[in-house]
Number of protein chains: 2
Amino acid sequence: MKYFPVSLEKVSVRNGFWGKRMELARKVIIPLQWKILNDRVRGAEESHAVKNFKIAAGKMKGTFKGCLWQDSDVVKWLEAAAYSLATNPNKELERKIDKLIDLIARCQQKDGYLNTRFTIQDKDKRWCNLCYSHELYCAGHLIEAAVAYCKATNKRKFLDVAIRNADCINKVFGPHKGQRKGYPGHQEVELALVKLYHVTGDKRYLRLAKFFLDQRGQKPNYFETERSGNIVLVSRKEFDDAVRKGGYQYNQSHLPVRLQREVVGHAVRAAYMYCAMVDVGLETADKELIQATKQLWDNLTQKRMYITGGIGSSGSNEGFTVDYDLPNETAYAETCASIGFVFWAHRMLHIEMNGRYSDLMEQVLYNSVLSGMSLDGRLYSYANPLASYPVNGKNSPGSSITSTRQKWFKCACCPPNLLRLLTSLGEYIYSHTENELYLNLYTSSRTKVNLNGRKVVVAQKTDYPWDEKICIDVSPEIESAFTLSLRIPGWCRKVSLKINGRNQKVSEITKKGYARIYRLWKKGDQVELVLSMPIEGVSAQPAVRHNAGRIAIQRGPVVYCLEQIDNGRNLNCVVIPKNTRLKAEFDSRLLGGCVVIKAAAKRHSGDKTRLYGKADDFQAKVVSAKAVPYFLWGNRGEGEMLVWIRET
Amino acid sequence: MKYFPVSLEKVSVRNGFWGKRMELARKVIIPLQWKILNDRVRGAEESHAVKNFKIAAGKMKGTFKGCLWQDSDVVKWLEAAAYSLATNPNKELERKIDKLIDLIARCQQKDGYLNTRFTIQDKDKRWCNLCYSHELYCAGHLIEAAVAYCKATNKRKFLDVAIRNADCINKVFGPHKGQRKGYPGHQEVELALVKLYHVTGDKRYLRLAKFFLDQRGQKPNYFETERSGNIVLVSRKEFDDAVRKGGYQYNQSHLPVRLQREVVGHAVRAAYMYCAMVDVGLETADKELIQATKQLWDNLTQKRMYITGGIGSSGSNEGFTVDYDLPNETAYAETCASIGFVFWAHRMLHIEMNGRYSDLMEQVLYNSVLSGMSLDGRLYSYANPLASYPVNGKNSPGSSITSTRQKWFKCACCPPNLLRLLTSLGEYIYSHTENELYLNLYTSSRTKVNLNGRKVVVAQKTDYPWDEKICIDVSPEIESAFTLSLRIPGWCRKVSLKINGRNQKVSEITKKGYARIYRLWKKGDQVELVLSMPIEGVSAQPAVRHNAGRIAIQRGPVVYCLEQIDNGRNLNCVVIPKNTRLKAEFDSRLLGGCVVIKAAAKRHSGDKTRLYGKADDFQAKVVSAKAVPYFLWGNRGEGEMLVWIRET
């Protein structure tokens, strides 16, 4: 069976939780990030990204500035803007993008090569340091953007640029004599090539994606070969440092991808690679590849994932360490890694439409993805720790993680990544087969799909995740039999389902996390789904030493945290007694309106000049604790924050 | 009132807890470290320290190798050996040292300068990079060693070398025109100069020590001046990195020493400086200096000290961070810092003979100092974390702290430092005034002192800290009235004191932590002191977030820990129920004989594929937990270790 997402342009997301955020993305974030990429926002870290294109195009004098992957910031923004155009046409924005595409196109070399860093300087060093150069990474993002823009506008110019670029890559890399046997140091181009295959139907791109995947981890390691050759970008010392930090596990080239069973190394690289493994696996019916992704999925979700869905616990490799190693203050949980995790979960879901994948997608979206930006969309976080104890602008003493979100970054991968996920979020809500429509995410939205050749309009109205009720309006153009499948979240222990006011027995029709309603649908059918959201005190696996004796508060898909502004300093002095009543309350004036959780708790304190003593020296008094959604933390100034709260 | 330690040569420490360790120092560690300093131990990090002297003396060809302070390893070893000779003459060792002194003397330049690094290379760069050069630091250790060797053997040669060296320094540095106004980047020479003053009576050395202290932290910062001048040893980038890591706080030159109220920066630098502040303060009756040390003491002991007495919680600056920031797995708590803390506590004690200082001295000695070496004296630790979760040879994922003790280090400051403390430990046990003898530490030992002009022999016999009873034999040459003051440790809640079998009321005679027994003593008087050692579950100040909901087990001065070898993996799954009975048991076969603590505890576990769930998913079963003295951890192979244990 083949499963497909209902594509972006067929889904309108208005109002509701995500609708409001997507509107923010269109109205505020797209213009803001464009300004930043053009260095027109004061106090933001210099981008220079658009300037690099101007310089490479010969329209401006200057030198390349920024990270090796600086180009990708621009095309990721372009991709995000394209998604926005797909659902919300905007002539002004489109003109702006067309101009940008003209600029990008002028940077393309005769052979199709396109990368400002290696056009402005080191022209002779192309492709010779794949481990670090990010040339293939940037190309991947360019391809994704081009595909998105073509789909949104039907304009081919940028797609043609991308095709010439892909053809250039396809010439340089491959199994034949004279072709390089390498693969990217940062995965990304693989999944982009599959997208290009989808839009062009040209199998060469699929084959190249598969080639890159299958070359990875072969012996001798390609990067090792490179290293003994022409190291242009990093010194031997830097390389050795990197290897010491985790060797080829860092970029998942330690083993052939099919043999990988543990998620290791840099989390974003990993997530993008797993995406491509599913893509190629599904397209080529390669069971081995699919099986590997399932085992990697289990390792990640059973042993190496924060409750927020954040992944990659360590800052030193921006990635994974060992099973159950999930420190909170130093949690890296990069925003991009969470986004990559959503991409991956979305692909896993389409292997078999199992709620375990859409559950995770939801968990990551509502928590560690959204925590990556401020409520107003103007500030971003790179790392998303689960506890903060601010000292000198850092998240904890000696940490490299800032205690507040920033306007921009030297390495600015996260903000445009978040933007492209937000503007394409419509694509994650519904999936379908020929005769079945799946509701993966609940949020006010509307889609028009073909089921058994008949047009059907399905509309959700809900204040989810604050409210438990989802009203679904099902309107086929004519009476028609098909299956409407509603995700029943794993966290939900009590579900009520009514069709046209009549109760349905959910458990009987629920399979793999979806309640599958097969019936003859007619115009105006009303489905009412109520997903009970009792407040849960979640415990972690005891082997997670950082959370021992602690609980996290969760309501529905939303994880909560304590903040200093509500609970005072020293949040670790707050203890929630076992079985205390946790009360949910919607506060319309707080943080754009959200459900807060209140609980009677205890707070320990005592003589501050006494460092050690008997338990009695440090008495507890009763206090009222207030928790807010984790993703909203840090929107009211700098202060302590804590997800895992002590419990007695 | 002036208080003095009963000096080394007057105290014989035999058998008992410390006697055994001092014997190990003489028989095993002194010869072993000599071999290592001569690069004759396989598998140990290269020292090259003695070779540097041979090269500088022109007896060997070669280049300087090692840290800028490599010389100090040799003279610290020499100092340690000298202490050993003071109580245990050893002709062979003395001959070896005399040869070494000949070698060192040959390295001295005509003007008295003595430092192999700046003799072998960069002769023209002497004294021009005090911030990093460690020239004054090495000179300080040389002076300390020379003083110790002269006292032990009455031989003057090395002392004369040290005097010429000190005179050279005194010529270069000082308030007069043409003299440098600088001071050491790593404090040490200040306290050494006071020792040199004591042994020579030459006030110039005391004045120079005071000059160095008072110059420190004046504006403009001397190191800043240097930086804009001739930076020979570190690049601008390295300097800026260091400044970013804590600026001049790093070497305590951020403020004049008299104005310092918080312990900041590199912990060893800090401790040595505080020592010198007390030394100079007492010698010059400088109340301001003494007052500053008291406030620094309070800040350290009330807010920035581990329960083991370890200080300097962060590896990034090898030092202090902020109040109550005492992480356990990443605890640096450098062995040298603990040793410096003992030096400082010993000096504070002689300001006013207050038990608060000797209590700390004991706490540090029995825990974070001794943890710095293996039971057999052959392996050493640099950092002394309070929890270990070994991954790939490190203490925790991503940590720079090794999970086991090492043979030697690139920067090998700690092992010879530990050795010189061990061989001079006799000096810490007793103190006196003209008519009062203080017992600061309890351990089998014997001293002969003059009190009111009469010779008195006092001998302790005890298995402390395993046993609670200390038998003290007091034998004045003739019947004589004086005060015998016995420290009553702060941790002790029940004391029994008998003189010649008759009970004494301790509380009535106890003042500032010492039970002061004034009486007419006669030969053969027997004092029996019993310091009850119930096992305590110690809580930390709630503001120490890392220890929230946890207790540390302590019995007498000894802090305990759980080890994997006794309790299995995942020590954070072990929970000790509140008010559980903790049972002490002496195990003569374990780790050289020690008291272990046993307790009925609970251990949480559950489905290992489940990362998050309800509390019920992770059940607890009853287990027996066994704790061993913290200082003995890691003597039975690599494994997890935990001091702060969860409590319910």
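Note that these values count all heavy atoms, side chains included, but never hydrogens, waters or copies made by symmetry. Numbers restart at 1 for each chain; the letters A, B, ... are given by sequence-line order, proteins then strands.
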Any donor and acceptor pair, going by atom type alone, linking the side chain of [X] with main-chain N or O of [Y] inside 3.5 Å?
| X | Y | answer |
| --- | --- | --- |
| Y324(A) | K608(B) | yes |
| Q541(A) | R610(B) | yes |
| Y612(A) | I307(B) | yes |

Out of P327(A), A615(A), G606(A), G613(A), which one racks up the most heavy-atom pairs below 4.5 Å with chain B?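 Greatest number of close heavy-atom pairs with chain B: G613(A).
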Which of the residues L326(A), T609(A), D616(A), T321(A) is involved in the greatest number of heavy-atom pairs with chain B at under 4.5 angstrom?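 Maximum pair count with chain B is reached by T609(A).
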Could you have a look at Q554(B), R304(B), Q302(B) and say which one has the most heavy-atom pairs with chain A under 4.5 angstrom?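 Max contact count across the listed options: Q302(B).
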What part of [X] lies closer than 4.5 angstrom to a heavy atom of chain B: side chain, backbone, both or neither?
| X | value |
| --- | --- |
| L571(A) | neither |
| D607(A) | backbone |
| S605(A) | backbone |
| N570(A) | side chain |
| V538(A) | both |
| R550(A) | side chain |
| R545(A) | both |
| E329(A) | side chain |
| T301(A) | backbone |
| N392(A) | neither |

I'd like to know whether NZ of K394(A) has more than 12 heavy-atom contacts from other residues, nucleotides or ligands below 6.0 angstrom.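 Yes, enclosed.
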If you compare all heavy atoms of [X] against all heavy atoms of [Y], which two are closest, and at what distance to 0.1 Å?
| X | Y | result |
| --- | --- | --- |
| L300(B) | L611(A) | O-CD2, 4.4 Å |
| F618(A) | P542(B) | CD2-CD, 3.4 Å |
| C573(B) | A543(A) | SG-N, 4.1 Å |

Do the non-hydrogen side-chain atoms of N572(A) and N547(B) ever get within less than 4.5 Å of each other?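 A side-chain contact is absent here, since even the closest heavy-atom pair is not under 4.5 Å.
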Check: K614(A) and E536(B) side chains under 4.5 Å, non-hydrogen atoms: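 Yes. Closest side-chain heavy atoms under 4.5 Å.
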Please classify the contact of D323(B) with chain A as side chain, backbone, both or neither, using a heavy-atom distance under 4.5 Å.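 The answer is the backbone of D323(B).
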